[in-house]
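These notes are about the structure you will find just below.
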Amino acid sequence: MRKKIIAGNWKMNKTPSEAVALVNELKPLVANEDVDVVFCVPAIDIIPCMEAAKGTNISIGAENMYFEESGAYTGEIAPNMLTDAGVKYVIIGHSERREYFAETDETVNKKVLKAFEHGLTPIICCGETLTQREQGITMDWIRQQIKIAFLNVTADQAKEAVIAYEPIWAIGTGKTATSQQAEEVCKGIRDCIAEIYDSDTAQAIRIQYGGSVNAGNAAELFAMEDIDGGLVGGASLKADFGKIVNYNK
Ligand SMILES: O=C(CO)COP(=O)(O)O
């Protein structure tokens, strides 16, 4: 049985002092030992949030990292900077990074390989646009994203990875995918992993759904066979995130 993983993606929100205040507000609300709880926060907030989350069930994660060890890459964050700060999870390939910051399937693959090299667990994002869905090429598109992201990743590494299926048309729009739509794609992703590796790996990997997850739809989504939790944007910045984490109570 796969343990659920529910991660907040704070995106570009919360100053360090606001971030500490939010961790302190949420920590009594997100105590659920049945779930891996992750707050992925802006780089500048990682260390103060790590301190504030000490002794709780909350893992503090990153929203991005670069694929080189160090060097002349102004503004970037190296993987060893994250591990030195105690980070375990890092979001890679979010659609907003693909849209605004020239992230590609190829750079996602480089970052995934580098993350594993440093013992980090990547949360690898994929998802289609509304046009691609309307054209009926959703799975073609996502299978391509998955196959490139996992190039040269071993089966043992893949078993530890997390994939986040986030239909772009559902991100920040309030238009959540139906649980049937989300399950269909997450099952398709799991089938793709089985093709790349084997059924054991496909059954072990955890697949989240993201895109307007809220306290009202989390339980139905997370009950689906191939959905192992969520990657939550806007709702993770509010006390309601506790209801999402405690979806099973
Ligand atoms: O992008 C997302 C999480 O990574 C989803 O954001 P929303 O939950 O605000 O739709």
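Counting starts at 1 for both ligands and their atoms, in listed order.
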Next item on the list: Specify the protein heavy atom at minimum distance from atom 4 (O) of ligand 1: its residue, its atom name, and the distance to 0.1 Å.
Entry: E166 OE2, 2.8 Å
Notebook entry, point to check: What's the shortest distance from atom 8 (O) of ligand 1 to any protein heavy atom, and which residue and atom give it?
Noted result: G233 N, 2.9 Å
Notebook entry, point to check: Has G210 got any heavy atom lying under 4.0 angstrom from an atom of ligand 1?
Noted result: no
Item checked: Ion pair R98/D105, N-O distance below 4.0 Å -> yes
Margin query: Between the side chains of R190 and D226, is the shortest nitrogen-to-carboxylate-oxygen separation below 4.0 Å, so that they form an ion pair?
Written below: yes
Notebook entry, point to check: Between G172 and ligand 1, is there a nitrogen or oxygen pair with a distance under 3.5 Å?
Noted result: yes
Check: NZ of K159: more than 12 outside heavy atoms within 6.0 angstrom?
Finding: yes
Note to self: Can a donor-acceptor pair be found, under 3.5 Å and without considering hydrogens, that links the side chain of Y165 to the backbone of I189?
What the structure shows: no
Item checked: Enumerated ligand 1 atoms positioned under 4.0 Å from heavy atoms of G211 -> 5 (C), 10 (O)
Margin query: Within ligand 1, which atoms have a heavy atom of A170 less than 4.0 Å away?
Written below: 10 (O)
Checklist line | Residue pairs, two or more places apart or on separate chains, that pass salt bridge (charged side-chain N to carboxylate O under 4.0 Å, His left out) and touch residues 58-76 | finding: E69-K114
Checklist line | Per atom 9 (O) of ligand 1, closest listed option by heavy atom (S236, A235, G234, G174) | finding: G234
Checklist line | D198 and T201 side chains, donor-acceptor separation under 3.5 Å | finding: yes
Next item on the list: Record the part of N9 in heavy-atom contact with ligand 1 below 4.0 Å; permitted values are side chain, backbone, both and neither.
Entry: side chain
